[in-house]
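To find a chain, count down the sequence lines: A is the first, B the second, and so on, and within it residues start at 1.
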2 protein chains.
Amino acid sequence: MEGTGKLGQGFEHSDENAARVPVHQQVYAQLRDAVLFGELAPGQAVTIQGLIERTGAGMTPIREAIRRLTSEGALEFRGNRRVVVPMLTADAIDDLIFLRETVESRLAEHAAEKITATDIAALEKIDSQVDEAITRGDVSAYLRQNYAFHAKLYAVANAPILMDVANSVWLRFGPSMRVVCGRMGTQNLPDNHKTALDALKAKNAQATANAMREDVVQGMEQIRAALRDGTAFSETID
Amino acid sequence: MEGTGKLGQGFEHSDENAARVPVHQQVYAQLRDAVLFGELAPGQAVTIQGLIERTGAGMTPIREAIRRLTSEGALEFRGNRRVVVPMLTADAIDDLIFLRETVESRLAEHAAEKITATDIAALEKIDSQVDEAITRGDVSAYLRQNYAFHAKLYAVANAPILMDVANSVWLRFGPSMRVVCGRMGTQNLPDNHKTALDALKAKNAQATANAMREDVVQGMEQIRAALRDGTAFSETID
DNA sequence: GCTACAAAAATATGATCAAATTTTGATTAG
DNA sequence: CTAATCAAAATTTGATCATATTTTTGTAGC
């Protein structure tokens, strides 16, 4: 009688043509977003039991989702069977900046070579929503729309392996990014998307790569600076 | 009374101090090695039922292992609930070469800064076993020892995020590497490890990075060349 | 402060249900 | 009469859950 059905939303059409999404994928997507957009703080514990109650799903699909996210760097195995949202160290953020710079600029090059007018229109629409979120000061919307912009660019690049790496990087800095934005608001956030869009329209791969690299570095430096302050991620668990 | 105990080997000390390894980790490690060292060919299907029989484990831990390896690029979701060992495309190998070059050389730099005399001794021992495998013409041993050398270097570098990326790259080209070596033997295989070891002893980060980059590129180019021939990975499943 | 007991949480298995693929059989065209 | 194509049954495989076992943690008593 699991009347709550906390996971049932999204395909209530009662039509049979609705593509069936397995529960483990739903749990995965839900948890992934929670990490990516900072609904779970760095250091926060994630328990199987807690997710069973939170989602109403069974044990097996939840385990699968957790394993998957652990592989992707969104969660971390903290020894005693405890799974937590990882906290960034100074060394880790350096590596993340390096990775995102190199991978994202290569993806940008690929995207510039393959982009169509439809893609550009989609990117411009997303970017306008980024702007709107910034002026509104809506941190959550900014994080989601900004990710949507980059994700769309990855999709255009059509390089699944590089995209996997990029997404893993996002999952690793996402929680800290949220903490930083929560403190600073949306004013100082980077948005070099216009420059990138101009380069994309001109199909200039190198210029696109440079614009995206600039965007990436500016955003990541905010996190690094906050990490240096030390006050940023002090939610130590034990 | 699971008398078969096909997974029990490896910790039969009957001591209680032996660290207990969860079944899902055992299955993961076993499957991972099978992919990494080419015991499973590119395109080969991997079924849950098959693994249950092969390993004697239950369903849940096997599912966990499969999800994890899918995230890491070792396996691929082929639509209709079919999981296969991915086959490399020309585009993919380009991205893998790029990734391995950039990530591995950065790991080499880190390693050069942190390496100790003990580490160097360990690396030299592994490298001698690489040499031995090459002269013996033992492909399987070469693959394992060569990986061991690189993995040890990653461990010394102490950069978990970069290591994850590097390992994911290994899992993606491993099966094809095995096919290539199976056709060519061990004669033309790269081994720039001596140059790298010299640079490591001198704590010269840049020279270490260059040596490892050379090693990586030589090895990966073998795969790219085989891919171009087209004859290499023709085990199409269709 | 240390040991022992109890409660909570994670691991692992097997059962059950649903979906997909394969096999089999029948009908029809050559 | 043979071969090919389509349909339906059967087998195989995957998804989910409920349950049992082990491990860990927290607490109370010594």
Asks: What's the closest nucleotide to the A:I48 side chain, out of C:dA10, D:dT16, C:dA12?
Replies: C:dA10
Asks: Sequence neighbours left out, cut at 3.5 Å: what donor-acceptor pairs do the side chains of residues 151-164 of chain A make with other protein atoms?
Replies:
| unit_1 | atom_1 | unit_2 | atom_2 | d |
| --- | --- | --- | --- | --- |
| A:K152 | NZ | A:D119 | OD1 | 3.4 |
| A:Y154 | OH | A:E104 | OE1 | 2.6 |
| A:Y154 | OH | A:E104 | OE2 | 3.2 |
| A:Y154 | OH | A:W170 | NE1 | 2.8 |
| A:D164 | OD2 | B:R172 | NH2 | 3.1 |

Asks: Roughly how many Å is it from CD1 in B:I52 to C1' in C:dG14, rounded to a whole number?
Replies: 10 Å
Asks: Short of 4.0 Å, heavy atom to strand atom, which residues of residues 62-71 of chain B count as contacting DNA chain C?
Replies: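 None, since no heavy atom is under 4.0 Å.
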Asks: Can you find a side-chain donor-acceptor pair between B:Y147 and B:N167 that sits under 3.5 Å?
Replies: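 B:N167 and B:Y147 do have a side-chain donor-acceptor pair below 3.5 Å.
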Asks: Counting heavy atoms from C-beta on, name the nucleotide in C:dT13, D:dC17, C:dT22 closest to the side chain of A:T60.
Replies: D:dC17
Asks: Whole angstrom is fine here: how far is it from CD in A:E53 over to P in C:dA8?
Replies: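 Roughly 11 Å, once rounded to whole Å.
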Asks: Output every pair passing salt bridge (Lys or Arg N to Asp or Glu O under 4.0 Å) with a member in residues 36-50 of chain B, not counting sequence neighbours, ordered by first then second residue.
Replies: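 Output for this query lists B:E39-B:R144.
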Asks: Residues two or more places apart in sequence or in another chain: which of them pass ring-ring contact (aromatic ring centres under 6.0 Å, His included) with A:F149?
Replies: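 With sequence neighbours excluded, A:F149 shows a ring-ring contact (aromatic ring centres under 6.0 Å, His included) to A:H193, given in chain and number order.
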Asks: Please produce a list of atom pairs where a protein N or O lies less than 3.5 Å from an N or O of nucleotides 16-18 of chain C.
Replies:
none

Asks: How long is the line joining CZ of A:R82 and C1' of D:dG26, in whole Å?
Replies: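 It works out to 11 Å between those atoms.
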Asks: What is the distance, rounded to the nearest whole Å, between atom CD of A:Q25 and atom C1' of D:dT16?
Replies: 14 Å
Asks: Is it the case that B:Y142 and B:Q129 place a side-chain donor and acceptor less than 3.5 Å from each other?
Replies: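 B:Y142 vs B:Q129: no donor-acceptor pair found between side chains.
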Asks: Check the distance between D:dT22's P and B:H24's NE2 and give it to me in whole angstrom.
Replies: 17 Å
Asks: Could you state the atom-to-atom distance from CG of A:L51 to C1' of C:dA9 in whole Å?
Replies: 13 Å
Asks: With sequence neighbours left out, what residues match A:E221 under side chain to side chain donor-acceptor pair (under 3.5 Å)?
Replies: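 A:E221 satisfies side chain to side chain donor-acceptor pair (under 3.5 Å) with A:R224 only.
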Asks: Enumerate, atom names and distances included, each donor-acceptor pair closer than 3.5 Å involving a side-chain atom of residues 56-63 of chain B, sequence neighbours excluded.
Replies:
| unit_1 | atom_1 | unit_2 | atom_2 | d |
| --- | --- | --- | --- | --- |
| B:R63 | NH1 | A:E64 | OE1 | 2.9 |
| B:R63 | NH1 | A:E64 | OE2 | 2.6 |

Asks: Just compare D:dT16, C:dA10, C:dA12 and give me whichever is closest to any side-chain atom of A:T47.
Replies: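 Closest nucleotide among those given: C:dA10.
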Asks: Can you check the B:F77 CZ to D:dT13 P distance for me, whole Å?
Replies: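 It is 16 Å, rounded to the nearest whole Å.
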Asks: With sequence neighbours excluded, what pairs up with B:H110 under the ring-ring contact (aromatic ring centres under 6.0 Å, His included) test?
Replies: none
Asks: State which residues pass ring-ring contact (aromatic ring centres under 6.0 Å, His included) with A:F98; sequence neighbours excluded, sorted by chain then number.
Replies: none
Asks: Give the nucleotide from the list C:dT13, D:dA15, D:dT13 with an atom nearest to the side chain of B:Q49.
Replies: D:dT13
Asks: Of the listed nucleotides (D:dC17, C:dT21, D:dA15), which one gets closest to any side-chain atom of A:P61?
Replies: D:dC17
